[in-house]
Protein chains: 2
Amino acid sequence: MSEPFSRHAKPAVAVDVVLLTVAEGALKVLVQRHTDRGLVLPGGIVRIDEPLEAAVARVLAQKAHLPDAFVEQLYTFGAVDRDPRGRVISVAYYALVPAERLATALAAADDLLLAVMDGIEVRAPSRLGYDHADIVRVAVERLRAKIDYTAVALELLPAEFTLRALQDVYETILGVRLAKPAFRRKMLDRGFLKPTGRLETGGAHRPAEIYVRA
Amino acid sequence: MSEPFSRHAKPAVAVDVVLLTVAEGALKVLVQRHTDRGLVLPGGIVRIDEPLEAAVARVLAQKAHLPDAFVEQLYTFGAVDRDPRGRVISVAYYALVPAERLATALAAADDLLLAVMDGIEVRAPSRLGYDHADIVRVAVERLRAKIDYTAVALELLPAEFTLRALQDVYETILGVRLAKPAFRRKMLDRGFLKPTGRLETGGAHRPAEIYVRA
DNA sequence: CCAAAAGTGTTGCTACTACACCCATGC
DNA sequence: GCATGGGTGTAGTAGCAACACTTTTGG
């Protein structure tokens with residue numbers, strides 16, 4: 001692939017990934033320790049012959065050992081001074097993954113951790129570098145908006161789940177308590193879910209039915 | 001501003017603008033004649049020290065003599081082969097403008113014209129170059145989605161307008177006929193509109209009240 | 001008075017909320 | 001049996017669509 005418009009100095013193009021998951025009743029973001037910038041989102045420079053989605057997949061595979069995940073483009077951040085090293089335009093993506101799928105990656109890489117969200121702000125353990133807190137904010141706002149007219153929440157759960165688990169995901173993301181009967185009926189009416197007929201076991205109460213994605 | 005990551009070949013970054021307007025009962029998009037690519041969207045390369053929104057404003061000012069307009073980021077298109085001259089990543093924006101504001105620009109520049117939309121596809125007078133038809137499709141889908149939970153439609157009308165004119169804009173964009181009483185009440189209940197008390201004149205029928213944005 | 005379009009009132013349906021209740025399990 | 005959480009039924013309400021109707025202008 002040739003290099004066009006080479007008379008002008010060019011910005012660098014990066015992708016940054018906001019990988020969100022729900023664990024222990026909280027929304028969390030995958031971040032990585034950066035030597036002199038504190039915590040930052042996983043990301044990387046887009047190669048000259050690499051599609052944007054391929055760059056995202058590469059970042060996810062390298063950093064989080066995730067060969068596949070739900071990924072969607074979020075927004076492109078292009079402020080001139082967002083990176084002190086020079087002009088870097090970042091095409092941000094967000095990814096949704098069930099918490100279980102991150103366990104091995106977190107155990108293997110000691111520079112990765114899950115930062116806890118407090119509403120739409122990253123709270124623990126510290127602020128993010130660059131404009132990455134802004135990017136996370138936009139990602140959570142997008143997720144909150146999408147959650148109640150699409151089935152994206154299912155990306156945060158394993159293949160089989162109960163309605164209670166799904167409701168917990170909604171309540172965690174939206175930061176509100178929802179009424180159980182209304183939630184049940186809304187979800188079932190939409191047709192995103194399919195009952196398996198099988199039941200959960202182990203609780204000291206009536207076992208819940210197990211659902212899968214329709 | 002320095003140039004980081006200069007060991008690698010970099011993609012060029014461009015902005016492309018989908019400027020939409022409603023005129024003569026049709027949704028139209030501003031396009032420009034390109035010497036060897038047919039019709040294309042107005043756009044330009046982002047300068048090394050220029051924010052993305054500034055590049056958009058520059059394009060709109062140069063091409064359409066619009067110093068200000070409603071503009072929102074749409075999506076970033078990064079397919080490797082989308083431009084045969086080389087790797088160009090395009091951050092697409094859409095803009096909404098009342099048709100009257102385009103009259104002078106269209107009269108002055110003979111390489112600009114308004115292509116007519118047929119649903120979400122550009123119809124007349126011919127196909128667009130590059131992947132610009134895809135970009136327009138995404139823009140119209142976004143507009144259709146936003147129109148019924150935000151006040152963006154008002155950007156397509158002059159400062160003062162009647163409910164009938166607003167309904168025409170909705171019907172044109174969505175491609176459906178709407179019921180007048182339902183439309184009236186929905187718009188008024190939302191609080192986007194403010195009645196002026198003044199009435200339209202001239203029609204051979206009861207004059208309509210004039211509204212402005214709330 | 002008539003045509004045309006603006007604007008209103010009324011009814012019925014749908015969807016969501018709130019609340020009360022019943023069901024199945026472990027202990 | 002009791003505590004716990006899963007699951008259902010029902011009644012009230014808010015929003016929206018359909019339809020019929022009234023109002024105000026020009027001719």
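Just so it is clear, the values below take in all heavy atoms, side chains as well, and ignore hydrogens, waters and symmetry mates. Protein chains get the first letters and strands the later ones, always in sequence-line order, with residue 1 at the start of each.
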Nucleotide-resolved protein contact map, nucleotides 18-27 of chain C, B/S/- at heavy-atom distance under 4.0 Å:
BB---BBBS-
Rounded to whole Å, how long is the line connecting atom [atom1] of [X] with atom [atom2] of [N]?
X	N	atom1	atom2	value
B/Met187	C/dA6	CE	P	16 Å
A/Asp189	C/dT17	CG	P	12 Å
B/Arg184	D/dT22	CZ	C1'	13 Å
B/Arg198	C/dA6	CZ	P	18 Å
B/Glu200	D/dG26	CD	C1'	14 Å
A/Ile210	D/dG7	CD1	P	10 Å
B/Glu209	C/dG7	CD	P	7 Å
A/Leu188	C/dA15	CG	P	15 Å

Which residues in residues 163-177 of chain A have a heavy atom closer than 4.0 Å to any atom of DNA chain C?
none
Taking only distance into account, with no hydrogens and no angle test, what donor-acceptor pairs under 3.5 Å do side-chain atoms of residues 199-214 of chain B form with protein atoms, sequence neighbours excluded?
| unit_1 | atom_1 | unit_2 | atom_2 | d |
| --- | --- | --- | --- | --- |
| B/Glu209 | OE2 | B/Gly197 | N | 2.9 |
| B/Arg213 | NH2 | B/Glu155 | OE2 | 2.8 |

Tell me every residue that passes side chain to side chain contact (heavy atoms under 4.5 Å, CB included) with [X], counting only those two or more places apart in sequence or in another chain.
X	answer
B/Asp134	B/Asp131, B/Arg137
B/Gln32	B/Val40, B/Pro42, B/Lys63, B/Asp111, B/Leu112
B/Ala55	B/Val15, B/Val46, B/Glu50, B/Arg58

Is a donor on one side and an acceptor on the other found under 3.5 Å between the side chain of B/Thr76 and the backbone of A/Thr76?
no
Test item: A/Tyr170 side-chain N/O and A/Ile147 main-chain N/O as donor-acceptor pair under 3.5 Å
yes
pair B/Asp118-B/Leu27: side-chain heavy atoms closer than 4.5 Å:
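Of all side-chain heavy-atom pairs linking B/Leu27 with B/Asp118, none is under 4.5 Å.
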When every non-hydrogen atom of B/Val140 is compared with those of B/Gly119, the smallest separation belongs to CG1-O, 4.1 Å
On a heavy-atom basis, which atom in B/Ile135 and which in B/Arg82 lie closest, and how many Å separate them?
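Looks like CD1-NH2, 4.2 Å.
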